[in-house]
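First comes the structure, then the notes that go with it.
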Amino acid sequence: MNNSISKILERKLKTNEIGQNIIFYDITDSTNNEAKRHSNLKSGTLIIADDQTDGKGRLGRVWKSNSGDEILMSLLLKPSVSPDEVSKITLIAGLSVCKALRNFGAKIKWPNDVIINSKKVAGVLTEMSAELNKINYIVCGIGININTTEFEEELFNKATSLYLTSGKKYDRSDILEKVLYEFESLYFEFLENGLNNILSEYKANCINLGAIAKAVFKDKTIIGKVVDINTDGELILETDNGKITISSGEVSVRGILGYV
Ligand code: BT5
């Protein structure tokens, strides 16, 4: 992607607010950091980069990229919602990517992974700046592996790209346009009605639902059956000791035998 991506994308965009202002970098530390540095800009601003030197996952983890093969993007958002609503933006972003990649058979692994053929093709990292009960801004970062031809050993068994699943290369601006379109409609629906009207679609695309899962916390692991996701976007796990409710902040959810 070179700076012409912004021009190409601008022509393709079917959104009203999301992505209407685009900032492009050949390389930056992290588009999420870049969005924070541009937090004075208007809501819906899109930061994209060809590569990151310090790509971030959740809980201090690293997001890997190969220059020019992925979509590395962050949206700056300034909704009037309370800080405890912010984790729901992660679910919306995951569902947007899943819908944009529906032709590839993409599914969601709660809360933030998009999966094709049991491997991760995309991830979402949502961050915010807030005061007591007021949000200053949210940064919703999304990484999608598009034309990546190979992954290093550590990711070999759990990561995939659109190229690796289909054998074809894609114009990243086409995929990006679809993601922004899906995101905008879900985001405005969320601002009106919360997750109420979104949840059934999220659940229909969620591979954890009904599966036995391991919820890995900092200090413990809990195994149970995923029986529901509630309107707060939390996972309900049925364990030997009854049902527990898990919010996305401090947990990784894994399949009982492997990553999914
Ligand atoms: C995520 O974290 O999945 C959030 C990823 C968000 C990345 C975007 S890129 C644009 C924006 N700017 C940033 O700096 N970040 C956002 P988490 O659930 O913690 O998953 C991280 C884990 O996924 C790592 O520990 C690896 O195991 C794996 N991983 C790393 N790079 C990957 C990749 N390119 N594809 C698939 N899996 C990857």
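Whatever order the structure lists ligands and atoms in, that order sets their numbers, starting from 1. Residues take their numbers from the sequence shown, with the count starting at 1.
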Between Glu70 (side chain only) and Asn66 (backbone N and O only), is there a donor and an acceptor less than 3.5 Å apart? yes
Under the 6.0 Å and 45° cation-pi test, does Lys169 pair with Tyr163? yes
Within reach of ligand 1, part of Lys120 (heavy-atom separation under 4.0 Å): both
When you look at NZ of Lys225, are more than 12 heavy atoms from neighbouring residues, nucleotides or ligands closer to it than 6.0 Å? no
Spell out, as yes or no, whether a donor-acceptor pair under 3.5 Å connects the side chain of Trp110 to the backbone of Gly233. yes
May I ask you to check if Lys220 and Phe217 form a cation-pi contact, with NZ or CZ under 6.0 angstrom from the six-membered ring centre and within 45° of the axis? yes
Does at least one non-hydrogen atom of Glu70 fall below 4.0 angstrom from an atom of ligand 1? no
Non-hydrogen atom of Gly55 closer than 4.0 Å to ligand 1: yes
Does a side-chain heavy-atom distance below 4.5 Å link Leu180 with Leu9? yes
Grab the two heavy atoms, one from Asp174 and one from Lys12, that are nearest each other, plus how far apart they are. OD1-NZ, 2.6 Å
If the cut-off is 4.0 Å to any non-hydrogen atom of Met73, which atoms of ligand 1 fall inside it? 10 (C), 11 (C)
Does ligand 1 have a heavy atom under 4.0 Å from the side chain of Asp113, from its backbone, from both, or from neither? side chain
Side chain, backbone, both or neither: which applies to Ile142 and ligand 1 if a contact is any heavy-atom pair less than 4.0 Å apart? backbone
Once you restrict to heavy atoms under 4.0 Å, what part of Leu155 touches ligand 1? Side chain, backbone, both or neither. side chain
State whether a side-chain donor-acceptor pair under 3.5 Å links Thr28 with Glu34. yes
With Thr31 as partner, the option from Lys56, Lys36, Gln52 fulfilling side chain to side chain donor-acceptor pair (under 3.5 Å) is Gln52
Which option out of Lys158, Arg58, Glu152, Lys109 puts a heavy atom nearest to atom 27 (O) of ligand 1? Lys158
Hey, is Asn32 one of the residues with a heavy atom under 4.0 angstrom from ligand 1? yes
Ligand 1 to Thr31, heavy atom cutoff 4.0 Å, flagged ligand atoms 10 (C), 11 (C), 12 (N)
Regarding ligand 1, does Ser74 bring an N or O atom to under 3.5 Å of one of the ligand's N or O atoms? no
Classify the contact between Thr148 and ligand 1 as side chain, backbone, both or neither, using a heavy-atom distance cut-off of under 4.0 Å. neither
For Asn145, atoms of ligand 1 separated by under 4.0 Å from a heavy atom: 33 (C), 34 (N), 35 (N), 36 (C)
